[in-house]
Amino acid sequence: MWPEGRDRGDVLRVIDPQALGRLIQLLADDGYEVVGPSMRDNAIVYDRLAGVADLPIGWGDEHGPGHYRLRQRDDQALFGYVVGPHSWKKYLFPPRETLVRVLRRDDGGFDTQPGEPEPPRRAFIGVRPCELAAIGIQDRVFLEQAVRDRAYEARREGVFLVAVNCAEPGGTCFCASMGTGPRTESGFDLALTEVIEGDIHVLVIEAGSEAGEAMLQRLDHREAGEAECTAAERVWREAPERMGRVMPGDAREVLGKALEHPRWEQTAERCLSCANCTLVCPTCFCAQMEELPDLEGKTSERVRHWDSCFNGEHSYMIGGPHRSTVAARYRQWLTHKLSTWHDQFGSSGCVGCGRCITWCPVGIDITEEVAAIRATGPGKAGGQGA
Amino acid sequence: MSVSVAEMSVHEPMAPVPWRILEVRREVADGEVFTWRLRPESGDAPEARPGQFNMLYLFGVGEVAISVSAMGEDGSLVHTIRAVGSVTRTMQGLKAGDVVGVRGPFGSAWPVAEAEGRDLVLAAGGIGLAPLRPVIHGVLARREAFGRVLICYGARSPRDLIFRDELAQWQARDDLDVRVTVDRGTADWRGDVGVVTQLIDRGGFDGRNAVAMVCGPEVMMRFSALSLHRRGVAPQRTFVSMERSMRCALGFCGHCQIGPHFVCRDGPVFPYPVMEPAFRVHEL
Amino acid sequence: MNELLEILKGQTFFQGLGEQHVRLLTAGASLRTFRADETLFREHEEATAFYLVRSGRVALESRLPGRRAETFMTLGPGEVLGWSWLMPPYRWHYSARALDETHTVHFDAPVLHDCMDRDPVLGYALYQRFAALIVQRLQAARLQAMDIYGGGDVGLGG
């Protein structure tokens, strides 16, 4: 990791946009599978990158409650959008993974084997500050409890992280009020900030680790000129003021006291319990285990796949689901994400990326939910939190 | 690539370890509740504390969380299982000599040490007697360390009473006050009829000085806690054992959460005040 | 009389009652013992008393036409048996039979009604206790009817 006390007033270094192609090439040569944003099916998703041309150059995105559209920009920005429906958990905590393979023996016993081969080492290009925070949050879930999650660890180790600071926060973004962006200070190997102003189009490049610095040295880079510096400063200064939304700072306390608030029933009338929010959320980690024997009954797989607290099965106990109403499930989702997550893992579970708002088919906005509950108080005399 | 079982379980906490069933006992006439005594294929069973549970695995079927219901002699562990779901119904068909997978033990334990020097009240409903049985064994092994010991056990009907031989032995002792009741009697049942909380209401213990451990359906635990508190037992000295859908038992899968608590990791045994919102807030 | 007074003063049910009220209660009270299987009272008979169980056990039974009597509850030491005496039609709603040799205190209802009419404070205090008792029995009956050990909620056992 980078030594403490690195002076922010240090000289700014920049690279040309096309140099990103060289970065991708070097990483590939070093044996990384390079993944990053790409356009597919009218969305910007994460996929393999062979070169700069695979990036959605000149494309931007529009975010609103239940609304996502790509639009063409009037420039050639490489990173002129924010987040798409994918998050990096698709690589670190994949939707479906065989954890253990069980082989039955003739004497009635069994042996076990690792479920999957060693995962490839990956380089993530274009990790937004909110997403960096989300990766940190999942690290705490999977790597910092009494037992480490081996499958997550295998994928997380050795990831080369290239972050991208946001110049134009999206319509549903609220990272500033969650303290996770729009600029990141640490947790990356390299961080890029795209600066486009007049004739200027450069990528400010910062190293956040020794590996990052070593890679930077292999790229064609130079000191930023004065105009470039000013333009960069302007991006960093103005981005936080262009947030689409704000999350109240006392969300944890507000929700902790609101377990019996009437708002849950009200929102439940809109919520379809479709689980989109949990699918697109970069920190959700609920999973279901499945036992998959082969047809001959000789081997079986213990498979883990994504689950959602909105699924009926999620709270299933003999006799029926424990949370049988949408209101109870919605309350679980939001109070976990913004309140009890603090008790469990020492931080909020939300990074303010806005995906749950964008991809909710009925446009439920969690910042609005919290504000509404906050405005009317606990809603019931003596409603206490867990 | 093959890895030894011992290596696998260290490196992959989700990998079941093979254990062999040494003995199967029917606990009720129709066999719906049965007890296994199990031992690892290699080595002794890890130490399990009263209240903890293992994840029991059946090849091709799945895994389920089952409380330890006794420590066996000879390095074995005992589990009492009720056949109600797909995994446990399949388990009903297994015999001594069969191999199953085990992960664990997991979870928090009944605070038996806290009851030393005090009266101890155990309230069990239905199969809830099973996770409490190791407490009774531990207390009997050091009887002089505890004050009065009261066991209140309720089941649906006489047919549903488990551990009947042991119950009779316990009832015969004068250093134990054992009260058994059923919700519905039968023609030849001459024991108590009524809900288990009535056994608590009859008193006979110093509530202010007592530790209580309650295990059974949630509604039974809630009313038992109220009865205990009416008799002076401090809420913070009342302990309950919670259940939620358990999948990984490691705090990763998110299924067993009650408010901020993971039942697999922070429970299943909790002090009552910690779980009070779960009993009060509908579908928490 | 003194013996009865001491017995009543030691019972949780009468806790909080002033000394003179407990004395009043002894006026209509007497000790009664029942052998195992002896009937205390039968359904539909006039309810002229309530009992306090001192030791032993009593089975409360209900009989539906064409069916054998079924015990729906048993009461033991310290428990109070009977509230049918409190209100019309003053008839027992169920039968009671001793399961073991059972020692009780029998309270004569007409004597008690008289005392309560003359001393409403005592009346109120008794009604408070019986109301709580009835609520407790109702809760218990509900729990019994809910079949809480059936199908669902098996704890970590299934």
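Lettering of chains follows the sequences in order, A, B, ..., and the numbering in each one begins at 1.
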Discussion item. If I measure from the heavy atoms of chain C, does B:Arg222 come under 4.5 Å with its side chain, its backbone, both, or neither?
Written reply: neither
Practice prompt. Can you tell which part of B:Asp160 gets under 4.5 Å to a heavy atom of chain C, answering side chain, backbone, both or neither?
Written response: neither
Worksheet entry | Presence of salt bridge, B:Arg25 and B:Glu27, under 4.0 angstrom | yes
Worksheet, complete the sentence: Scanning both residues in full, the closest heavy-atom pair of C:Tyr94 with C:Leu60 reads CE1-CD2, 3.9 Å
Worksheet item: Does B:Gln52 reach the main-chain N or O of B:Arg49 with its side chain, forming a donor-acceptor pair under 3.5 Å?
Response: yes
Item to complete: State whether B:Asp206 and B:Arg231 are salt-bridged, where the test is any N-O pair (Lys NZ or Arg NE/NH1/NH2 against Asp/Glu carboxylate O) under 4.0 Å.
Response: no
Fill in: Most contacts with chain C, counted as non-hydrogen pairs under 4.5 angstrom, among B:Gly185, B:Ala187, B:Gly125
B:Gly125
Discussion item. Between the side chains of B:Arg179 and B:Asp177, is the shortest nitrogen-to-carboxylate-oxygen separation below 4.0 Å, so that they form an ion pair?
Written reply: yes
Discussion item. Taking every non-hydrogen pair under 4.5 Å, which of B:Ser227, B:Ala155, B:Ala130 racks up the most with chain C?
Written reply: B:Ala155
Discussion item. Using heavy-atom distances under 4.5 Å, tell me whether C:Leu75 contacts chain B through its side chain, its backbone, both, or neither.
Written reply: both
Worksheet item: Less than 4.0 Å between a side-chain N and a carboxylate O, is that true for C:Arg35 and C:Asp100?
Response: no
Worksheet entry | Top contributor to chain C interface from B:Gly154, B:Gly203, B:Cys215 [non-hydrogen pairs under 4.5 Å] | B:Gly154
Practice prompt. Using non-hydrogen atoms and a 4.5 Å limit, figure out which bit of C:Arg142 sits close to chain B: side chain, backbone, both or neither.
Written response: neither
